[in-house]
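Everything below concerns the one structure shown next.
Atom set for the values below is all heavy atoms of this structure, side chains included, hydrogens, waters and symmetry mates excluded. Small disclaimer: the values here were computed from a predicted structure and weren't measured.
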Amino acid sequence: MSGQIDGSVNGRIEEFKMERPGLVKENDVVPITEGVLPASYYYTAEPAIAMSGNFAYFERIKSKTGIVKAIVEKPQGFYLQILFDEETPSRR
C-alpha cells in the first residue's frame, strides 16, 4: 500500500527518489550509504534502490539503516519515504 506519512510516526523521515517501482516494499529495512560532495552529503538506499537530495553538514543522516514507510508516485517519478531512528535536525 502506498501513501503519505500521516505525522504520527516518531523519528526522522526523508524522501529518496526511486527510478522504478517494485524494488522495495513498505516496511522493508534498507541500508543507507553516505556520499560526500565538496559542500554537502547525499545518501543511497542500497543496493542502488534510491537516492536522496543533498544535505548540509548539520543535516547529515547518522543512521546506517532506515525503514521504508511509504512509496509515493508523483509526476516526477517514484519516491520512498524512509524513516530513520533519529531526530530531525533543527534549521540553523
Side-chain angles (χ1 to χ4, degrees):
M1 180 168 107
S2 298
Q4 296 284 343
I5 299 297
D6 65 7
S8 63
V9 178
N10 291 328
R12 175 180 181 175
I13 296 174
E14 297 294 348
E15 196 163 74
F16 284 62
K17 174 79 165 70
M18 183 170 65
E19 292 300 318
R20 63 184 194 276
L23 300 175
V24 293
K25 58 187 180 305
E26 290 181 7
N27 296 314
D28 280 355
V29 175
V30 291
I32 303 298
T33 57
E34 181 179 74
V36 180
L37 297 171
S40 60
Y41 297 85
Y42 67 92
Y43 298 88
T44 305
E46 298 293 350
I49 296 166
M51 287 190 71
S52 72
N54 295 340
F55 291 87
Y57 175 78
F58 67 92
E59 299 173 312
R60 290 174 74 181
I61 297 173
K62 297 173 184 74
S63 302
K64 301 297 182 200
T65 61
I67 300 170
V68 177
K69 296 312 282 182
I71 301 168
V72 181
E73 184 175 359
K74 298 181 180 182
Q76 303 87 354
F78 295 91
Y79 290 81
L80 300 180
Q81 293 179 346
I82 300 178
L83 174 67
F84 297 98
D85 187 20
E86 59 186 72
E87 296 291 320
T88 301
S90 58
R91 292 279 177 208
R92 290 189 171 183

Does Glu87, at its CD atom, have more than 12 non-hydrogen atoms belonging to other residues, nucleotides or ligands within less than 6.0 Å? no

For Val68 and Leu80 the tightest heavy-atom approach is CG1-CD2, 4.1 Å

Value rounded to 0.5 Å, distance of CD in Glu34 from NZ in Lys64: 6.5 Å

Might you work through the side-chain contact (heavy atoms from CB on, under 4.5 Å) test for Ile49 and Glu19, ending with a clear yes or no? CA-CA 8 Å; Ile49 296 166; Glu19 292 300 318; over 6 Å; no

Could you report the tightest heavy-atom contact between Gly66 and Ile82, atom names first, then the distance? CA-CG2, 3.7 Å

Shortest non-hydrogen separation from Asn54 to Ser40 and the atoms involved: CB-OG, 3.7 Å

Determine whether Phe16 and Val30 satisfy the following criterion, side-chain contact (heavy atoms from CB on, under 4.5 Å), listing intermediate values before the conclusion. CA-CA 12 Å; Phe16 284 62; Val30 291; over 6 Å; no

In terms of relative ring orientation, are Phe55 and Tyr43 parallel, tilted or perpendicular, with 30° and 60° separating the classes? perpendicular

Report the residues that fulfil salt bridge (charged side-chain N to carboxylate O under 4.0 Å, His left out) with Glu46, sequence neighbours left out, ordered by chain and then residue number. none

When rounded to the nearest 0.5 angstrom, what distance separates CD1 in Ile71 from CD in Gln81? 10.0 Å

Has Asp85 got more than 12 heavy atoms of other residues, nucleotides or ligands less than 6.0 Å from its CG? no

What residues join Leu37 in its hydrophobic cluster, counting side-chain heavy atom gaps under 4.5 Å, either direct or through other members? Tyr42, Met51

Looking only at heavy atoms, which two atoms of Asn10 and Leu83 are closest? And how far apart? O-CD1, 3.5 Å

Between CD1 of Ile67 and CG of Asp28, what distance do you get to the nearest 0.5 Å? 10.0 Å

What heavy-atom pair brings Glu86 and Ile61 nearest, and what distance separates the two atoms? OE2-CA, 3.7 Å

For Phe78, check side chain to side chain contact (heavy atoms under 4.5 Å, CB included) against everything at least two apart and list the hits. Met18, Pro21, Glu73

Where do Arg12 and Glu59 land on the side-chain contact (heavy atoms from CB on, under 4.5 Å) test, with the steps shown first? CA-CA 11 Å; Arg12 175 180 181 175; Glu59 299 173 312; 4.3 Å; yes

Treat each ILVMFWY residue as a node, draw an edge where side-chain heavy atoms are under 4.5 Å apart, and state whether Val24 and Tyr79 are in one component. no

